[in-house]
Colleague: 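My questions all concern the structure below.
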Amino acid sequence: LALGDSVAFGHNPFADRSKIANFNGYPTLIQKAVGSRLEVINPSCVGESSGSFIDRSAPDNGCANWRSSGSAMHVAYASASQSQLAFALDILRRKGSAVKAVTLGIGANDILMLSNECAVDPAKYNECVFGRIQGVIGAAAGNAAKIIGAIRQVYRGPLAFVTYHTANYDPASLDRLAIESLNNGLKQAVAAVKGDDENLFIADAFAELEQASAANNGDACAAGLVIPRPDGAGCDFHPSLNGQREYVEALAKVAMPRR
């Protein structure tokens, strides 16, 4: 069961959004590697925030629009109001011990929503972001803890929280600073709820893509790990297929299904 946002979804912003075959995230790569021996259920949604994951009426970064517009999804939700958490809990209750693993990656859209809000006044953008980012990260971490707690009420098998990559691993990059801060906040939330839970893991995709981009001085675009723009002007921040493979490697290191 693969839960999350556009990363798990395999979003490509330059692809036809009506065709699900255009969207291949790490859950799809795992499915292709394992074959029919493992069913992958992927309710992830482009633009899902940590709040909307829990409550469909909460603000998001485009998931509600994606679902309501008839854009391609990997699964069919029961209704427009069903949240991803509600979908996940229903699957876990119905399938029980047949569920071999759960992955969860959530929180990046909370930062992107903040960026969009602050961009309204470009002159005060940095002041706005730096003044609010810790509060946004704290809220995302709190929501992540709630999600894990809800899942653990019905499922005690392997659960991996997946960290996020950045397109620029330069230590001076503001993008790296924001994503690294988010990842640290999310990892602290996981640690706080872990206790003696030996089946709760952190899959460090941030570290995997950092290592894979090292030969290109931390430039994930030059390393082919994020999706190139059709006009040749750099890259989008979403992972390419090669980037998604690094997510699979991060999951493999915490003993999630791969082969």
Colleague: When you measure from the side chain of His74 to the backbone of Phe9, do you find a donor-acceptor pair of N or O atoms at a distance under 3.5 Å?
Modeller: yes
Colleague: Determine the minimum heavy-atom distance between Arg17 and Asn65, stating which atoms define it.
Modeller: NH2-OD1, 3.4 Å
Colleague: Please check this pair: side chain of Trp66 against backbone of Met73, looking for a donor-acceptor N/O pair closer than 3.5 Å.
Modeller: no
Colleague: Among the clusters formed by ILVMFWY side chains lying less than 4.5 Å apart, do Ile202 and Leu186 turn up in the same one?
Modeller: yes
Colleague: Considering residues, nucleotides and ligands other than Gln211, do more than 12 of their heavy atoms fall under 6.0 Å from its CD?
Modeller: no
Colleague: Indicate the atoms forming the closest heavy-atom contact of Asp60 with Gly47, along with that distance.
Modeller: CB-O, 3.4 Å
Colleague: Decide yes or no for Asp170 and Asn168: does some side-chain heavy atom of the first lie under 4.5 Å from some side-chain heavy atom of the second?
Modeller: yes
Colleague: Is the distance between the ring centroids of His165 and Tyr247 less than 6.0 Å?
Modeller: yes
Colleague: Could you tell me if the side chain of Arg245 sits less than 4.5 Å from the side chain of Leu29, heavy atoms only?
Modeller: yes
Colleague: In Å and rounded to the nearest 0.5 Å, what is the CG to CD1 distance from Asn242 to Ile227?
Modeller: 11.0 Å
Colleague: Among the clusters formed by ILVMFWY side chains lying less than 4.5 Å apart, do Leu92 and Ile148 turn up in the same one?
Modeller: yes
Colleague: For the backbone of Arg156 and the side chain of Asn199, can you confirm whether one donor and one acceptor N or O come within less than 3.5 Å of each other?
Modeller: yes
Colleague: Would you say the side-chain atoms of Gln84 pair up with the backbone N or O of Gly4, donor to acceptor, closer than 3.5 Å?
Modeller: yes
Colleague: Would you kindly confirm whether Val193 and Ile54 end up in one hydrophobic cluster when ILVMFWY residues are joined by side chain heavy atoms under 4.5 Å apart?
Modeller: yes
Colleague: Run the side-chain contact (heavy atoms from CB on, under 4.5 Å) test on Glu246 and Val248 for me, step by step, so that the C-alpha distance in whole Å, both residues' side-chain angles and the decisive distance to 0.1 Å come before the verdict.
Modeller: CA-CA 5 Å; Glu246 297 301 329; Val248 175; over 6 Å; no
Colleague: Between the main-chain N or O of Asp55 and the side-chain N or O of Ser52, is there a donor-acceptor pair closer than 3.5 Å?
Modeller: no
Colleague: Which is it for Ser49 and Asn61 under the side chain to side chain donor-acceptor pair (under 3.5 Å) test, yes or no, and what are the steps along the way?
Modeller: CA-CA 7 Å; Ser49 69; Asn61 196 36; over 6 Å; no
Colleague: Rounded to the nearest 0.5 Å, how far apart are CZ of Phe206 and CG of Asn183?
Modeller: 6.5 Å
Colleague: Check the surroundings of atom NZ in Lys146: do more than 12 heavy atoms from other residues, nucleotides or ligands lie under 6.0 Å from it?
Modeller: no
Colleague: So, Tyr164 side chain and Glu180 main chain: donor-acceptor pair closer than 3.5 Å or not?
Modeller: no
Colleague: Distance-only, no hydrogens or angles: does the Ser213 side chain make a donor-acceptor pair with backbone N or O of Leu209 under 3.5 Å?
Modeller: yes
Colleague: What pair of heavy atoms forms the shortest contact from Pro239 to Val7, and how long is it?
Modeller: CG-CG1, 4.1 Å
Colleague: Could you tell me whether the side chain of Asp236 and the main chain of Arg229 form a donor-acceptor pair under 3.5 Å?
Modeller: no
Colleague: Just to verify, which of Val129, Ile179, Ile137 counts as forming a side chain to side chain contact (heavy atoms under 4.5 Å, CB included) with Ile111?
Modeller: Ile137
Colleague: Any side-chain heavy atom of Asp121 sitting closer than 4.5 Å to one from Glu127?
Modeller: no
Colleague: Given Leu200 and Arg152, is the side-chain contact (heavy atoms from CB on, under 4.5 Å) satisfied, shown in steps?
Modeller: CA-CA 10 Å; Leu200 179 57; Arg152 279 310 193 220; 4.2 Å; yes
Colleague: Start with the C-alpha gap between Asn42 and Ser44, add the side-chain angles, then the distance that decides, and say whether side chain to side chain donor-acceptor pair (under 3.5 Å) holds.
Modeller: CA-CA 6 Å; Asn42 182 0; Ser44 61; 2.5 Å; yes
Colleague: Quick check: is Val46 connected to Phe14 through a chain of hydrophobic side chains (ILVMFWY, heavy atoms under 4.5 Å apart)?
Modeller: no
Colleague: Do Lys100 and Pro158 have side chains that get closer than 4.5 Å, going by heavy atoms?
Modeller: no
Colleague: Please name the pair of heavy atoms, one in Ala88 and one in Leu3, separated by the smallest distance, quoted to 0.1 Å.
Modeller: CB-CD2, 3.7 Å
Colleague: Can you measure from CG (Leu114) to SG (Cys128) and round to the nearest 0.5 angstrom?
Modeller: 5.5 Å
Colleague: Under the 3.5 angstrom rule, does the side chain of Glu48 hit a backbone N or O of Gly62 as a donor-acceptor pair?
Modeller: no
Colleague: Distance from Thr166 atom OG1 to Leu182 atom CG, nearest 0.5 Å?
Modeller: 11.0 Å
Colleague: When rounded to the nearest 0.5 angstrom, what distance separates OG in Ser115 from CG in Asn109?
Modeller: 11.5 Å
Colleague: In terms of hydrophobic clusters joined by side-chain contacts under 4.5 Å, are Phe237 and Tyr26 together?
Modeller: no
Colleague: Whether the side chain of Lys253 engages the backbone of Ala203 through a donor-acceptor N/O pair (distance < 3.5 Å, no angle test) should be reported.
Modeller: no
Colleague: Run the numbers on Phe201 and Val190 for side-chain contact (heavy atoms from CB on, under 4.5 Å), then give the verdict.
Modeller: CA-CA 8 Å; Phe201 309 100; Val190 174; over 6 Å; no
Colleague: Could you list the residues that satisfy ring-ring contact (aromatic ring centres under 6.0 Å, His included) with Phe87, not counting sequence neighbours?
Modeller: Tyr77
Colleague: Between Arg176 and Glu210, does at least one N-O distance fall below 4.0 Å, as a salt bridge requires?
Modeller: yes
Colleague: How close do Gly185 and Ala141 get, heavy atom to heavy atom, and via which atoms?
Modeller: O-CB, 3.5 Å
Colleague: Please step through side-chain contact (heavy atoms from CB on, under 4.5 Å) for the pair Arg67 and Ser71, ending with a clear verdict.
Modeller: CA-CA 6 Å; Arg67 285 175 57 177; Ser71 298; over 6 Å; no
Colleague: Which pair of non-hydrogen atoms, one from Ile106 and one from Ser50, has the smallest distance, and what is that distance?
Modeller: CG1-CA, 3.7 Å
Colleague: With the threshold set at 4.0 Å, does a side-chain nitrogen-carboxylate oxygen contact exist between Lys19 and Asp16?
Modeller: yes
Colleague: How far does SG of Cys221 sit from CG of Asn216, to the nearest 0.5 angstrom?
Modeller: 9.5 Å
